[in-house]
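Below is one structure, written out as structure tokens; the observations come after it.
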Amino acid sequence: MNLPDLKEAKKRTNKEVKHIYLNQEYDKNIFKNKKYFIRTYGCQMNVHDSEEIRARLESLGLTKTENLEDADLVLLNTCAIRENAHDKLYGFLGRCKHAKEIKKDLIIAICGCMAQEENVVNEIKTKHKYVDIVFGTHNIHELQDLLIKRHNKQEINVYSCEGDVYENVEYKRDSNIKAWVNIQYGCDKFCTYCIVPYTRGKQRSRLSKEIIKEVECLVKNGYKEVTLLGQNVNAYGKDLENELSFAELLQSVANTGIERLRFVTSHPWDFTDEMIDVIAKNDNIMNYIHLPLQSGSDRILKLMGRRYTKKEYLELFNKIKEKINNVSITTDIIVGFPNETEEDFNDTLDVVNTCKYDSAFTFIYSPREGTPAAKMEDKIDLKTKEERLHKLNELINKYSLENNKKYVNKTVKVLIEGVSEKDDKKAFGYTETMKLVNVTGGIPYINSIVDVKITDAKSFSLDGEISKWKIL
Ligand code: SAM
Ligand code: SF4
């Protein structure tokens with residue numbers, strides 16, 4: 001049994017990160033005719049980890065089911081970023097417990113960021129003994145062995161370490177046109193509110209030659225869009241000697257000929273002019289940037305450890321807007337950081353009024369055990385925080401709608417992905433600038449990039465119709 005240890009998770013040493021190539025082969029008869037159910041919480045990193053987990057489960061012969069009741073194995077890939085992620089997991093665990101009462105040999109496994117938290121694992125050990133396996137973010141590659149060698153007792157195997165990089169990972173991707181590609185793991189920024197550097201380990205970049213090989217392979221297999229993934233993609237390579245910078249990596253990946261290239265998330269502190277130039281000059285690097293603000297108040301930004309001021313953020317924002325044609329910019333904002341005053345909050349609103357973001361993810365600050373901010377005394381009550389969130393969201397939505405309205409009567413390229421959830425006569429897809437479009441007449445063009453004439457705009461989506469189509 002290996003239990004998570006917060007003190008270990010916090011450590012950063014000079015130990016060299018290993019780039020490991022595993023040679024794992026399994027017998028598909030081991031779990032023949034068995035089914036797995038997987039539920040993923042949280043960010044894109046988790047979504048992509050679940051694609052790795054699926055490939056690992058299928059290497060043992062398991063097949064996917066969407067019904068919990070049909071499953072022989074339930075796997076919950078968890079998120080720890082805010083408290084509500086905990087609530088969601090415990091809520092769903094109740095259903096899993098019930099399913100196991102009916103099907104006694106159901107295997108229940110928990111992994112992901114919550115599995116890296118001491119308090120969570122203690123609770124699973126004492127109150128949720130029906131959970132069979134817990135593993136963390138550093139040992140996804142051990143999943144098959146954990147399942148094969150499992151005894152009839154709770155197996156907890158979580159490592160709190162800086163971590164290594166596994167290079168030849170296989171994925172069972174959810175889409176056959178859009179792919180996530182990890183370029184980096186972990187984070188060393190240690191923003192004072194954030195649990196990620198503890199749950200994901202130190203910042204470790206993959207080798208550029210392996211990233212490029214992976215994208216070349218995706219292009220060959222007909223993928224149209226790749227999103228480079230990391231907590232701080234633009235700090236890529238800084239932890240390796242003789243490696244490309246993020247701007248150079250972007251250029252090299254763009255050179256593979258992938259039709260659409262995106263990246264997420266970039267930290268304002270690591271955003272270079274070179275990066276902006278590469279994005280501006282390559283048509284296949286999408287003119288969409290997610291640029292987290294977190295707060296518009298210099299006082300709060302300092303307490304958060306964000307390493308930039310309001311003025312520096314705005315300078316960067318303006319530079320991006322000037323140099324990248326028709327760029328759309330979205331952001332993340334936290335309200336109610338400990339002792340955020342009305343004046344601090346107004347600074348945030350001021351930045352929103354200046355930047356007029358295309359959209360934003362907004363959150364009420366949630367204390368995470370073990371982080372510096374969680375130790376700060378907080379005099380602001382929840383009602384005030386909720387009111388601020390409401391006010392912020394109204395402003396964000398106003399600008400989203402204003403920005404979206406500029407698209408009406410224009411023709412834009414949309415990668416059509418599937419049938420619209422709201423109306424099965426329409427298809428949905430995304431513009432280059434990452435706007436969701438519901439497309440009349442789009443269903444025959446699923447998996448293609450087509451010209452769509454925008455007919456209407458809402459705060460969160462656009463409506464459009466096929467104007468002329470051309471599969472690129
Ligand atoms: N690495 C990215 C960055 O620095 O912008 C973001 C990673 S995090 C998965 C996504 C967002 O969650 C953050 O940008 C932040 O706004 C929000 N977040 C992180 N910790 C939080 C906390 N303790 N309470 C509320 N929101 C939080
Ligand atoms: Fe968390 Fe900050 Fe790292 Fe983003 S940069 S993952 S917010 S510590």
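All residue numbers refer to positions in the sequence shown, counting from 1.
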May I ask you to say whether E225 pairs ionically with R262, meaning some side-chain N is under 4.0 Å from a carboxylate O?
yes

Do other residues, nucleotides or ligands put more than 12 heavy atoms under 6.0 Å from K97 NZ?
no

For P338 and A373, work out which heavy atoms get closest and say how close.
CG-O, 4.0 Å

Take atom CD in E421; do more than 12 heavy atoms of anything else shown fall under 6.0 Å from it?
no

Looking just at side-chain N and O atoms, do S266 and N234 make a donor-acceptor pair shorter than 3.5 Å?
no

Tell me, yes or no, whether the heavy-atom count around K391 atom NZ, taken from other residues, nucleotides or ligands under 6.0 Å, exceeds 12.
no

Have a look at D239 and tell me which of Q184, K202, Q203 forms a side-chain hydrogen bond (donor to acceptor under 3.5 Å, both in side chains) with it.
Q203

In plain terms, say whether K64 and E66 are close enough for a salt bridge, that is, a side-chain N and a carboxylate O under 4.0 Å apart.
yes

Stepwise, does the side chain to side chain donor-acceptor pair (under 3.5 Å) test hold for T40 with S50?
CA-CA 7 Å; T40 309; S50 285; 2.7 Å; yes

Between the side chains of N393 and T362, is a donor N or O closer than 3.5 angstrom to an acceptor N or O?
yes

Could you go through the side chain to side chain donor-acceptor pair (under 3.5 Å) check for T199 and E117 one step at a time?
CA-CA 7 Å; T199 60; E117 293 187 294; over 6 Å; no

Please tell me whether Q144 and S59 have a donor and an acceptor in their side chains that are separated by less than 3.5 angstrom.
yes

If we only count heavy atoms from C-beta on, is the I110 to I133 side-chain gap below 4.5 Å?
no

Qualifying residue, where the test is salt bridge (charged side-chain N to carboxylate O under 4.0 Å, His left out) with K172 and the options are E51, E58, E52
E58

Closest non-hydrogen atoms of V74 and A71, given as atom of the first, atom of the second and distance, are CG2-CB, 4.3 Å

Verify whether one side chain among N255 and Q251 offers a donor that lies under 3.5 Å from an acceptor in the other.
yes

Tell me if the aromatic rings of Y41 and F92 count as close, with their centers under 6.0 Å from one another.
no

With a cut-off of 6.0 Å (strictly less than), are more than 12 heavy atoms of other residues, nucleotides or ligands near NZ of K15?
yes

Does one side chain, of S297 or E340, offer a donor that lies under 3.5 Å from an acceptor on the other?
no

Considering only heavy atoms from C-beta outward, does the side chain of F271 approach that of I320 to under 4.5 Å?
yes

Can a salt bridge be assigned to the pair K238 and D270 using a cut-off of 4.0 Å between side-chain N and carboxylate O?
yes

Check the orientation of Y171 and H48. Use parallel for under 30°, tilted for 30 to 60°, and perpendicular for over 60°.
parallel

What is the distance from atom NE2 of H290 to atom CZ of F263, rounded to the nearest 0.5 Å?
11.5 Å

When the aromatic ring centroids of F190 and Y198 are compared, is their separation below 6.0 Å?
yes

Please determine whether the number of non-hydrogen atoms from other residues, nucleotides or ligands lying under 6.0 Å from atom CZ of F361 exceeds 12.
no

Y90 and H128 aromatic ring geometry - parallel, tilted or perpendicular at 30°/60° bounds
parallel

May I ask you to check whether over 12 heavy atoms, not counting those of E312, lie within 6.0 Å of atom CD?
yes

Report the C-alpha distance between R56 and Y26 in whole Å, list the side-chain angles of each, state the deciding distance to 0.1 Å, and finish with yes or no for side chain to side chain donor-acceptor pair (under 3.5 Å).
CA-CA 9 Å; R56 293 190 177 279; Y26 293 93; 5.8 Å; no

May I ask you to say whether K11 pairs ionically with E8, meaning some side-chain N is under 4.0 Å from a carboxylate O?
yes

Between E210 and H19, does any side-chain donor sit less than 3.5 Å from a side-chain acceptor?
no

Please check: side-chain N/O of K224 versus main-chain N/O of I177, any donor-acceptor pairing under 3.5 Å?
no

Between the side chains of S420 and D423, does any donor sit under 3.5 Å from an acceptor?
no

Name the orientation class of the two ring planes belonging to F428 and Y430 (parallel below 30°, tilted from 30 to 60°, perpendicular beyond 60°).
perpendicular

What's the verdict on side chain to side chain donor-acceptor pair (under 3.5 Å) for T330 and Y288, showing C-alpha distance, side-chain angles and the deciding distance?
CA-CA 8 Å; T330 58; Y288 161 70; 3.0 Å; yes

